[in-house]
Amino acid sequence: MSTPENQPSANFIRQIVSNDLAINKHNGKIATRFPPEPNGFLHIGHAKSICLNFGIAQENQGTCNLRFDDTNPEKESIEFMQSIEKDVQWLGFQWTAEYHSSDYFDPLYDYAVQLINQNLAYVDSLSAEEIRAYRGSLTEEGKESPDRNRPIAKSLDLFKRMREGEFEDGKYVLRAKIDMASPNINMRDPTLYRIRRTHHHRTGGDWCLYPMYDYTHCISDAIEGITHSLCTLEFEDHRPLYDWILDKLQTPCHPQQIEFARLQLEYTVMSKRKLAQLVIENHVKGWDDPRMPTIAGLRRRGFTPDSIRDFCERIGITKKDAWIKMAALESCIRDDLNENAPRAMAVLKPLRVVIENYPDEQVELLTAKNHPQKEEMGTREIPFSKIILIEQEDFSLVPPPKFKRLIEGGEVRLRGAYVIKCEKVITDTAGNVIELRCSYDKVTLGKKPEGRKVKGVIHWVSEQHSIPAELRLYAPLFTEANPEAQSHFLETLNPNSLEILSDSRVEASLANAKPETRYQFERCAYFCVDSDSRAEKLVLNRTVSLRDSK
RNA sequence: UGGGCCGUCGCCAAGCGGUAAGGCACGGGGUUUUGAUCUCCGCAUACCCAGGUUCGAAUCCUGGCGGCCCAGCCA
């Protein structure tokens, strides 16, 4: 995976970092952080940020913290925190230290007092609606709040009483005093603190005053000694505010915020709000539904950490809005699984085949390679008997051109076994093929047949030895490349995103397969054992099909 | 339409004034007891457009055009 020498590709952020290192900007130190809000599960877009932040730290012997940006208690929870920790580790990264924005509520408060003392912040009594009205518009300047020139002592007193819980939610906010005429709306006296009488998952009822993202993030970065604060493009307009706050305060350092484009993947959605809606409204079975672009979903689907990291490396880091095709992700997991997944045989939609000239009670244990190119992956035994099951699709009464599988009167190779010939087709009254009567050529085991060419090879399982399995096949969750561009993204939900095959049979060697075990079912697809799987009834998810150049 | 950012092959993406890397996708040949893998070959006289500077421009300048983001007491 990655590049052969494991050299990460050049990108503008790594260039900035190398440059800073070259001029000894931070005494040779590089410190990054991955700062999710614990309000949902991580998705593949987060993986991009994780690989970048942890990657840059690793490449430069630096540090990378995991920081939960938990300043909005209404949407956050311990469960989400735990899922995030698990997913980051599963992806293969270990943070230097774990922090929470809420760890900094005290210093954050003290810094706010400093700002008030410097006459750079004030307590405002305008309502949310009034503040919006006063803010102006994209083309019109805002106007100053009547409270903007509230005496420092008065703001100090009010701010203290806000913290003490004297006022109801929304009564006052703390605002930075910057410039109501700024062309950058983020600089029009942004709100720094709001009153929220909400239980916080970590600080409980200690606070009824919570700091806003813009105020919190820069200071948290500075407290942790972050050198490069990497975030997505939509925060570009916030950078002047990030810098303004740190410029006005005597913080330990002044990190550099650098923005990059967020990941956009076709045929899915990537906003936590929408993913949460899919879960809450039961359009999927949970955050880890294999159709979800969440780390947990991809994991359950059968993706490997390597494949996701490879994907993040392949798509690169730029400032350009890019739409990545599913094929790019699929290529990554195919490359990994082709290399590492043991092969096995499974028949998704069985068709019964009786080999008439094969002895009734005979069972042969045939030896099959677990990987066609990698001897070190070993072999396994596969029972062969008189009645086998093949794929319905591998037989055709009216074969299309170039069909190289079984036809009436034709021969085909059973993978790892004999060449068989279709002697008779049995149909039901409706004309459906329900069984095949074949003969086998006993000298073709491990040998080419003499005097003729048999081009097709098909997979099979022994009827009496195979194990019933439920196979879950997935298609994209949405029917439009960009569901969010539609009037409502749910309108483009794909009604056929899940297909369940409950009559499939897998070879006997899968008997004790544990969840998260991955296989290539030869000629078919890669599958991964699901957490719903039981000894009596195996359940597997199709991760991705094999390339098919038919 | 105020501000910010972006525009190199169908989709990503290197390139940083010296004459267009790579990946995905696609097309074709070879090998193959997986129509898989592997392998070989092909795939931008061209970098949003128009001018300009230069011996030389995707790279610099000017002017257009197109796209994305911002008016939460969300992050």
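Here is how names work: the chains are called A, B, and so on, in the same order as the sequence lines, proteins then strands, and each is numbered from 1.
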Taking a pair as Watson-Crick or G-U wobble with both distances under 3.5 Å, which nucleotide is matched to [N]?
N	answer
B:A57	none
B:C11	B:G23
B:G66	B:C6
B:U31	none

Within the structure shown, what part of the strands sits under 4.0 Å from [X] by heavy-atom distance: base, sugar-phosphate, or nothing?
X	value
A:S101	nothing
A:K404	base
A:Y134	nothing
A:F235	base
A:G142	nothing
A:I131	base
A:D69	sugar-phosphate
A:R547	sugar-phosphate
A:A10	sugar-phosphate
A:K453	nothing
A:H238	base
A:A261	nothing
A:L126	base
A:K402	base

Do [X] and [Y] have side chains that get closer than 4.5 Å, going by heavy atoms?
X	Y	result
A:I258	A:F12	yes
A:I13	A:H228	no
A:Q277	A:F489	yes

Among [options], the one nearest [X] by side-chain distance:
X	options	answer
A:D237	B:C69, B:A75, B:C12	B:C69
A:A322	B:C11, B:C12, B:C74	B:C12
A:R132	B:A71, B:A75, B:A36	B:A71
A:M212	B:A36, B:C73, B:G15	B:C73
A:P183	B:A75, B:U34, B:G3	B:G3
A:E236	B:A36, B:C12, B:G4	B:G4
A:I324	B:C12, B:C24, B:U33	B:C12

Mark yes or no for a side-chain to base donor-acceptor pair under 3.5 Å between [X] and [N], with no hydrogen or angle criteria applied.
X	N	result
A:Q520	B:U34	yes
A:R523	B:U34	no
A:D548	B:G35	no
A:R343	B:U34	yes
A:R405	B:G35	yes
A:Q15	B:C16	yes

Salt bridge check, [Y] against [X]: does any charged N sit closer than 4.0 Å to a carboxylate O?
X	Y	answer
A:K171	A:E166	no
A:R518	A:D336	no
A:D103	A:R202	yes

Euclidean distance for C1', B:C68 against B:A36 (whole angstrom):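 Here B:C68 and B:A36 have their C1' atoms 40 Å from each other.
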
Integer angstrom distance from the P of B:C61 to that of B:C5: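 Looking at atom P only, B:C61 and B:C5 are 14 Å apart.
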
Which whole-number value in Å describes the distance from [X] [atom1] to [N] [atom2]?
X	N	atom1	atom2	result
A:I390	B:G35	CD1	P	14 Å
A:R415	B:U33	CZ	P	9 Å
A:E330	B:C11	CD	C1'	13 Å
A:E522	B:U32	CD	P	17 Å
A:E141	B:G2	CD	C1'	10 Å
A:K319	B:C12	NZ	P	18 Å
A:D189	B:A71	CG	P	16 Å
A:L138	B:C69	CG	C1'	11 Å

When you measure from the side-chain N and O atoms of [X] to the phosphate of [N], is any distance below 4.0 Å, counting only OP1 and OP2?
X	N	result
A:T71	B:A75	yes
A:R175	B:C73	no
A:R314	B:C11	no
A:S331	B:G23	no
A:R135	B:G72	yes
A:T318	B:A13	yes
A:K320	B:C68	no
A:K369	B:U34	no
A:R239	B:C69	no

Distance-only polar pair, side chains of A:E364 and A:Y418, donor-acceptor under 3.5 Å: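 The criterion, which ignores hydrogens and geometry beyond distance, is satisfied for A:Y418 and A:E364.
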
Distance-only donor-acceptor hits, side chain of residues 451-458 of chain A, under 3.5 Å, sequence neighbours excluded:
unit_1: A:R452; atom_1: NE; unit_2: A:E450; atom_2: O; d: 3.3
unit_1: A:R452; atom_1: NH1; unit_2: A:E411; atom_2: OE1; d: 2.8
unit_1: A:R452; atom_1: NH1; unit_2: A:E411; atom_2: OE2; d: 2.3
unit_1: A:R452; atom_1: NH2; unit_2: A:D441; atom_2: OD2; d: 2.5

Within 6.0 angstrom of A:K274 NZ, more than 12 heavy atoms from elsewhere: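 Atom NZ in A:K274 is packed in, count exceeds 12.
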
A:K421, NZ atom: more than 12 neighbouring heavy atoms under 6.0 Å: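 No, not enclosed.
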
5′-ward residue of the pair A:D321/A:P211 relative to RNA chain B: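 Final value for this comparison: A:D321.
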
Upstream residue (5' side of RNA chain B) when A:F521 and A:G170 are each assigned their closest nucleotide: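 Here A:F521 is the residue nearer the 5' end.
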
B:G15, syn or anti by chi within 90 degrees of zero: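 With its glycosidic angle more than 90° from zero, B:G15 counts as anti.
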
